[in-house]
Participant: 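This is the structure, below, for whatever I ask next.
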Amino acid sequence: MPKIDPITVSTVWHSFQTLVREMRDMVSRTAQSYLMSQLRDLSVGIWLADGSTVAMPQGLLCQFIGTKHAIKAVKDYFGEDLHPGDVILTNDPYHGGNTHLPDWGFIRPIFYKGELLFFTLVRGHQQDTGGAFPGGYFPNSYDIHGEGLRIPPTKVFEKDEERKDVMRLIWTNVRWPEAVRVDNYAMVATTRFAEKRMHEVLDRYGKDTVMACIQEMLDRTERAVRAEITAIPDGTYSGEAATDDDGTVLDEPVWVRVDITVKGDSLTADFTRSDAQRKGFVNCPYAASYAIAVGSMMPLFDPALADFHNEGSLRPITVITPPGSVVNPLYPATVGAAPVNVGNQIATAVGQALSKARPSRSMAGWGKHRGCYVSSVDPRNGQPYVRTTFDYDGSAGAVTGHDGGTGPLSIGSLSTVRRGNAEEMEIRYPWRLLKWEAATDLMGAGRWRGGGGVEWRAVNMGTDGRMATGSSDGDTTQPPGAHGGYPSPCSRTFLLRDGEPIRVKTHRMVEIKKGDVLVKISGGGGGVGLPTERPAELVAVDVKNGMVSVGAARNLYGVAVDPANFGVDAEETRRLRAQAQSQWDVVIDEKTLAISVVPIQAA
């Protein structure tokens, strides 16, 4: 290996990081679907020929951190039969190191002067992938074959020639073939762009220098992560989280449990105590479970490392997921809801465990995903559609020293997915937005409170149809607080039909009617620290801003706020905080849909 200077290492390192960000932006600008172009449900990255991660600064944890397993599958399938210009498509959780079927990954081997040096990936959630119901989050499929088209590693371009018969076969098995075709070409083109840029770096610095810089990058990051682990006292720290049910056996929570053992500069996350794989569709395949477990540790390490994690970050960490468990199911278990319903619980459980290990960097649970897939016909053009969004998710959990942000969403993506915008949604789909705002009191109280909950309402201007709530969670299970902070409140979904609310639970399939108003009332993030330790002036600001009610300020935080001028009654506040603190809950009235704070014994 040649001797390399720090400037060259930094330049090459940032070249890869910048390239990956450009790739993600390129897909979002050229894709057609709402999921990828607006919500950015997509991930990209660069790996060495042996599968070692080089650059992965942004994306959904389940889609890209475990790509080493997909690359291994590609190499197992094709051996030496990989060539410049090849592009491999895969989505099969059981043959290809993937997550659930809607997440299609296009993988390009990158050669330089005849030698395979890298792989690049673009993976994105497709508008449809076949299966029993549009979109892919359909509860109660008989097995994974009912969830959609399974694609093991398959060449869709061979030596720069498109295999049109293969692509035609694939697109024939989805409901919106033209839309999926446009997205797929955007993804393939982005892998070609990555290849071009990487050749430019190799031409400029030479292969030996680039590879030496990469090795230095990996070694530096490994040293930094090992130092972070060493700062944690040796021991075992446990966390757990649950999804409401598995969509088949209803109203029975499914648990993810982790025991994280720190020994010196290495760490093992053992999920052996998690539930056995379920009949329903919440099971999370190994590659996705591994990716989420490792990726959700990163926010509790030094924030300065956030943009630079790579294979070096992964080397000190071992993840144990027993085969046949809900975090490593066996074929032909259904996995359609894996990223949301067990995947997010993996992230929450890991965060809870490490918050015990590092109180100075504690992080409460984030608001749960509240998605749904609505399918009917748009009367403006007579065409069927499927709609989903992240708009009605809650917000971020608090961390030690900071309130949770109101707006960031999805712990499983570390907020790299985003909410849509009202105008785009109304143009694309026959739904008219009525209300979209942060909801008062709908977050976990704490010394640092969680990000705000959300109330969202829209009216169905289209035809009668169906709605699957498979991609939602949190009716009965709550994201936890930390160190005395309150958990996020439970959430609710309703259909207002002729003015009367009809509750819709998670993981169900229901009929929708023209004129129905869909109401989503979603809990925000959990809190960190005792609410009565929150500075009274900050509570008063929250009251003024409508985030906290006068009653919640008094009952949860022990702060007396004048509703007329938002001043703090210091004497009454001292009296309230000197009393033994009662436990309170935030609940949603299922008749009036009002949010209120009530004593837990009366909830």
Side-chain angles (χ1 to χ4, degrees), residues 242 244 251 253 364-365 367-368 370 394-395 397-398 403-404 406 437-457 473-482 484-494 496 500-506 519-534 536 538-540 542-563 569 572-573 575-603:
D244 291 351
D251 301 317
K368 295 205 174 191
R370 298 295 298 169
S395 300
D403 294 342
T406 295
E437 62 185 37
T440 303
D441 292 338
L442 206 61
M443 78 291 284
R447 165 65 180 84
W448 299 280
R449 63 161 175 77
V454 170
E455 183 172 354
W456 185 99
R457 300 186 182 207
D473 207 0
D475 274 26
T476 59
T477 54
Q478 298 172 262
Y486 274 53
S488 169
C490 289
S491 304
R492 289 291 183 268
T493 296
F494 301 94
L496 289 180
E500 292 297 320
I502 303 168
R503 182 179 168 192
V504 182
K505 293 186 177 183
T506 57
V519 180
K520 295 275 189 173
I521 306 175
S522 307
V528 172
L530 294 171
T532 50
E533 295 179 357
R534 184 171 178 80
L538 293 184
V539 177
D542 284 340
V543 173
K544 182 177 181 180
N545 291 337
M547 296 298 290
V548 174
S549 67
V550 171
R554 186 179 187 89
N555 295 325
L556 295 176
Y557 294 93
V559 176
V561 178
D562 186 331
D569 183 329
E572 178 65 4
T573 296
R575 187 188 70 80
L576 289 170
R577 289 188 162 183
Q579 295 176 348
Q581 297 301 308
S582 302
Q583 290 295 305
W584 297 77
D585 198 4
V586 180
V587 298
I588 300 164
D589 189 289
E590 296 187 10
K591 292 184 178 179
T592 66
L593 311 193
I595 300 165
S596 58
V597 179
V598 300
I600 281 184
Q601 61 267 24

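Just the heavy atoms: all of them, side chains too, but no hydrogens, waters or symmetry mates, feed the values below.
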Participant: For the OH atom of Tyr486 and the OH atom of Tyr557, what is their distance to the nearest 0.5 Å?
Facilitator: 9.5 Å
Participant: Does the Ser488 side chain pair with the main chain of Gly524, one donor and one acceptor, at a distance under 3.5 Å?
Facilitator: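 Indeed, once roles are kept as given, a pair shorter than 3.5 Å links the two residues.
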Participant: For Ser491, does its backbone N or O pair with a side-chain atom of Ser522 as donor and acceptor, under 3.5 Å?
Facilitator: no
Participant: Might you point out which heavy atoms bring Gly450 and Met443 nearest each other, and give the distance in Å?
Facilitator: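 Nearest pair, atom of Gly450 first, then Met443: O-CG, 3.3 Å.
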Participant: Any heavy-atom pair between the side chains of Arg370 and Thr506 that's under 4.5 Å?
Facilitator: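 In short, these two side chains touch, coming nearer than 4.5 Å.
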Participant: Just to verify, what does Thr477 make a side chain to side chain donor-acceptor pair (under 3.5 Å) with, not counting sequence neighbours?
Facilitator: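 Thr477: side chain to side chain donor-acceptor pair (under 3.5 Å) contacts with Asp244, Lys368.
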Participant: Return the OG to CG distance between Ser549 and Leu556, rounded to the nearest 0.5 Å.
Facilitator: 7.5 Å
Participant: Please name all residues satisfying side chain to side chain donor-acceptor pair (under 3.5 Å) with Glu455, sequence neighbours left out, ordered by chain then number.
Facilitator: Lys435, Arg457
Participant: Any side-chain to backbone donor/acceptor pair from Thr493 onto Lys520? Under 3.5 Å, distance only.
Facilitator: no
Participant: So does Gly558 get a backbone contact from the side chain of Arg534, meaning a donor-acceptor N/O pair under 3.5 Å?
Facilitator: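 The answer is no, because no donor-acceptor pair under 3.5 Å joins these two groups.
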Participant: Under the rule for salt bridge (charged side-chain N to carboxylate O under 4.0 Å, His left out), what residues qualify as partners of Arg447, not counting sequence neighbours?
Facilitator: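 Scan of Arg447 (salt bridge (charged side-chain N to carboxylate O under 4.0 Å, His left out), adjacent residues dropped) gives none.
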Participant: Please report the shortest heavy-atom distance between Val539 and Ala553, naming the atom on each side.
Facilitator: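 Closest approach of Val539 to Ala553: CG1-CB, 3.6 Å.
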Participant: Is there a donor-acceptor contact under 3.5 Å from the side chain of Ser395 to the main chain of Gly452?
Facilitator: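 Checking the backbone N and O of Gly452 against the side chain of Ser395, a donor-acceptor pair under 3.5 Å is found.
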Participant: Backbone N or O of Asp475 within a donor-acceptor pair of the Arg492 side chain at under 3.5 Å?
Facilitator: yes
Participant: Can you find a pair of side-chain heavy atoms, one from Pro501 and one from Leu593, that are under 4.5 Å apart?
Facilitator: yes
Participant: Apply side chain to side chain contact (heavy atoms under 4.5 Å, CB included) to Val586 and Ile595, showing your working.
Facilitator: CA-CA 7 Å; Val586 180; Ile595 300 165; 3.6 Å; yes
Participant: Which pair of non-hydrogen atoms, one from Asp441 and one from Ala552, has the smallest distance, and what is that distance?
Facilitator: OD1-CB, 3.2 Å
